[in-house]
Each structure stands twice: as C-alpha cells, then as structure tokens.
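Heavy atoms only: backbone and side chains are in, while hydrogens, waters and symmetry mates are out. Predicted, not measured: the structure shown is a model, and the values here were computed from it.
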Amino acid sequence: TYDEKLASGYGINIHGGSYVGYEKFARLGFTWVRDYAYTYGWMVRARGEGGYTGWPWYPKIVKAAEDVGLMTLPCLMGAVQIKRDAKDDNDPSFTPNNEWRRQMALIVNSFPTLMAWELDNETDNNMHRTLDGYGRYCQAFGDIVKATRPDAMSVAPGLAGIYVDQTRKLVERGYFRNIDVVNGHRYCGKDGPEYSKANLNTGMSEAKPAYLRDVWRHWKRAATCDGKFRQLWVTEWV
C-alpha cells in the first residue's frame, strides 16, 4: 500500500540522469530510490518556463520510477550554497537569500507526487565551519516544504556521519523546527552493524568508537529533544 511504501526502509542510491533500470530494482524489492540527479543548480537551469524539461528532463525521471511503483527521494545536491572562502557569519552566503527561497519553493511545489525532499548531500564541511549558517539553510528549507507541500517530508542533508551533538544543537536552536527527517551515512566496512564501532566514511576517522546500536539511541534522543517526533534515515550504508 501507499502507507507501507512510505514506511519502507528499503532504498537504493541512483543517478537518474543515466540509465537506471528501475524495473530491476522494483523486482529486487526496493521501494525507494534516492536520486542524485536532482542537483539544485541543474533543476534551476532545467526549469525553463516551469516544466523542468531541460536536461536531465525531470518529468521523465519521475515517471520512470513511478511507473514501476518506486518512491523517489530527490537529493538536492549543492543546495547549501555557503561559499568556500566565507570567513565569518557576516558573509551573505551563510543565509539563504530570497532567490534561493523562490527557486526552492518552485522546485518543491512543481512535483506534487514526490513525498520527500532532501536538502543536499554530505555537507559536513559547511556544518563544521558554521553550525548556525548551516542551520539557517535547514530552517529555510523545512519552512518552505511545510508551507508549499505540507503533505511532503523535509529531509535534512545526508551527512557523512552520525553527528549526535550537532543534531542536538540544531534542534535546540530551532533550526530543525520543520525538519521531519534527520539524516546520516554509516559505512561499517567488514564489520556487521551489530558489531560496528567505527564509521569508515571520509572525515569520520576521528570519531569516538561506539557500538552502532548505542549511536542510534543517542541520535534519536538528540533528534527529538524538543519533543517533536522525527524519523532517522541512513541514506548511505555499506
């Protein structure tokens, strides 16, 4: 059923700008595809007069997944547009401007069958440089999704790790007020998840070793410390 699909934990990462073979993934039992083709800059350029029919032709991508019953999580890569050389919180790029907000509202509102939207991918460096600047992008994104598509879920960026302390601060400061899903990545390597103590993703080598089941527990508490229910998604997992 539709509700069962929304609740399914089975998804796979793809790039819809090339051949995907959606029907094969559907037969294998996947329910969700997380698609990197929904890069923010590409979507802005592809919009044209509103049809998003420039390359990679988003209506076709959406239809290809839906024709075999797959749900799509568009990953808006490059959407957190903090400049690399920005040095302090006075830099304008630490706050999403009105044009960014307009484009984001148009994107989210133009695809009514997509029930979840993810803000960017592995934006760890931006978060570490300016937690508040990063938080303002998350807040603006959540507010836009809630205002334009209250039936859809707003998904925080899939970070390259599971950041418990940062998650708690973002929630406590109100930046996740309209974020429905807290998101991260975990690479267990040769160890099964039951015994994994380290995330082998880039940039996580200095993270304190801890059993994954304990990380989940602390992460859930941090994500809901304001009393609001939020889901936890792991959108890259090996």
Side-chain angles (χ1 to χ4, degrees), residues 1-39 58-77 79 107-122 138 141-142 145-146 148-163 167 176 178-188 191-194 196 199 201 212-213 215-224 228-238:
T1 67
Y2 178 73
D3 288 339
E4 288 172 334
K5 288 181 179 181
L6 282 178
S8 173
Y10 295 98
I12 192 164
N13 290 297
I14 64 166
H15 195 299
S18 59
Y19 170 75
V20 173
Y22 295 95
E23 70 286 347
K24 297 180 177 66
F25 290 128
R27 290 206 310 271
L28 286 168
F30 290 102
T31 302
W32 286 85
V33 290
R34 178 175 179 253
D35 195 342
Y36 297 116
Y38 291 80
T39 298
Y58 292 100
K60 287 184 179 180
I61 296 176
V62 173
K63 185 176 185 301
E66 292 179 346
D67 281 349
V68 294
L70 291 172
M71 306 283 288
T72 296
L73 173 61
C75 183
L76 296 166
M77 296 177 67
I107 290 169
V108 172
N109 201 41
S110 295
F111 298 89
T113 61
L114 299 182
M115 301 308 298
W117 291 87
E118 178 184 2
L119 175 68
D120 220 320
N121 179 63
E122 298 204 343
C138 292
F141 174 71
V145 174
K146 186 64 64 179
T148 60
R149 286 288 312 285
D151 58 326
M153 290 182 287
S154 55
V155 182
L159 298 173
I162 307 300
Y163 294 97
T167 296
F176 277 13
N178 280 319
I179 293 292
D180 301 304
V181 180
V182 180
N183 189 4
H185 299 162
R186 178 79 179 198
Y187 285 75
C188 297
D191 298 320
E194 299 86 355
S196 170
N199 184 356
N201 204 348
L212 187 52
R213 59 179 177 268
V215 174
W216 295 155
R217 187 178 301 112
H218 296 316
W219 195 30
K220 183 67 173 182
R221 289 174 180 168
T224 57
K228 178 178 178 178
F229 171 79
R230 291 182 181 88
Q231 295 186 45
L232 302 180
W233 288 8
V234 183
T235 49
E236 288 187 28
W237 168 268
V238 177

Query - Whether Asn178 side chain and Lys146 backbone form a donor-acceptor pair below 3.5 Å - result: no
Query - Expected output: side-chain Thr72 to main-chain Val33 donor-acceptor under 3.5 Å - result: no
Query raised in the report: Is the backbone N or O of Leu159 less than 3.5 Å from a side-chain atom of His185, with the two atoms forming a donor-acceptor pair by type?
Result: yes
Report task. With sequence neighbours excluded, tell me which residues meet side chain to side chain donor-acceptor pair (under 3.5 Å) with Thr167. Result -> Trp219
Requested in this report: Would you check if the side chain of Lys228 reaches a backbone N or O of Phe176 as a donor-acceptor pair within less than 3.5 Å?
Outcome: no
Requested in this report: Kindly say whether Tyr10 contributes a backbone atom to a donor-acceptor pair with the side chain of Ser8 at under 3.5 angstrom?
Outcome: yes
Report task. Supply the atom-to-atom distance Ile12 CD1 to Glu236 CD, rounded to the nearest 0.5 angstrom. Result -> 12.0 Å
Query raised in the report: Once you round to the nearest 0.5 Å, how far does OH of Tyr2 lie from CE of Met115?
Result: 3.5 Å
Report task. Working to the nearest 0.5 Å, report the span between CD1 of Ile179 and CG of Leu119. Result -> 7.0 Å
**Report entry** Over all atoms of both residues, closest heavy-atom pair of Ala116 and Ala152
**Finding:** N-CB, 4.5 Å
Query raised in the report: Is Trp32 reaching over with its side chain to a backbone N or O of Lys5, donor-acceptor style, under 3.5 angstrom?
Result: yes
Query raised in the report: Does any pair with a residue in residues 16-29 pass salt bridge (charged side-chain N to carboxylate O under 4.0 Å, His left out), and if so which ones, sequence neighbours excluded?
Result: none
Query raised in the report: Can you tell if the side chain of Ile162 reaches within under 4.5 Å of the side chain of His218, non-hydrogen atoms only?
Result: no
Report summary line: Taking every heavy atom of Tyr22 against every heavy atom of Leu70, the minimum-distance pair comes out as O-CD1, 3.7 Å
Query - Non-hydrogen atoms of Asp180 and Met153 that approach each other most closely - result: OD2-CA, 3.4 Å
Query raised in the report: Mind checking whether Pro157 and Cys138 have side chains closer than 4.5 Å, heavy atoms only?
Result: yes
Query raised in the report: Is the backbone N or O of Tyr187 less than 3.5 Å from a side-chain atom of Asn201, with the two atoms forming a donor-acceptor pair by type?
Result: no
Query - Val182 to Ala223 - nearest heavy-atom pair and separation - result: CG2-CB, 3.8 Å
Report task. Could you verify whether a donor N or O on one side chain and an acceptor N or O on the other, from Asn183 and Thr235, lie under 3.5 Å apart? Result -> yes
Query raised in the report: Tell me, do Phe25 and Val20 make a side-chain contact under 4.5 Å, heavy atoms counted?
Result: yes
Requested in this report: If the plane angle is over 60° it's perpendicular, under 30° parallel, otherwise tilted; pick one for Phe111 and Tyr58.
Outcome: perpendicular
Report task. For the pair Asn13 and Arg34, evaluate side-chain hydrogen bond (donor to acceptor under 3.5 Å, both in side chains) and give the outcome as yes or no after the intermediate values. Result -> CA-CA 5 Å; Asn13 290 297; Arg34 178 175 179 253; 3.0 Å; yes
Query raised in the report: Roughly how far apart are Glu66 CD and Leu114 CG, rounded to 0.5 Å?
Result: 6.5 Å
Query - Atom of Cys188, atom of Pro193 and distance for their closest heavy-atom approach - result: SG-CA, 4.2 Å
Report task. With the side chain counted from C-beta on, respond yes when Leu73 and Tyr38 share a heavy-atom pair under 4.5 Å apart, and no when they do not. Result -> no
Report task. Of all the heavy-atom pairs spanning Gly158 and Glu118, show the shortest one and how long it is. Result -> N-OE2, 2.9 Å
Report task. Report the C-alpha distance between Trp216 and Val234 in whole Å, list the side-chain angles of each, state the deciding distance to 0.1 Å, and finish with yes or no for side-chain contact (heavy atoms from CB on, under 4.5 Å). Result -> CA-CA 10 Å; Trp216 295 155; Val234 183; 3.7 Å; yes
**Report entry** Side-chain touch Leu76/Thr39, heavy atoms, less than 4.5 angstrom
**Finding:** no
Requested in this report: Scan for salt bridge (charged side-chain N to carboxylate O under 4.0 Å, His left out) pairs involving residues 13-22, sequence neighbours excluded, and state none if there are none.
Outcome: none
Query - Residue pair Arg230 / Lys220, side-chain heavy-atom distance below 4.5 Å - result: no
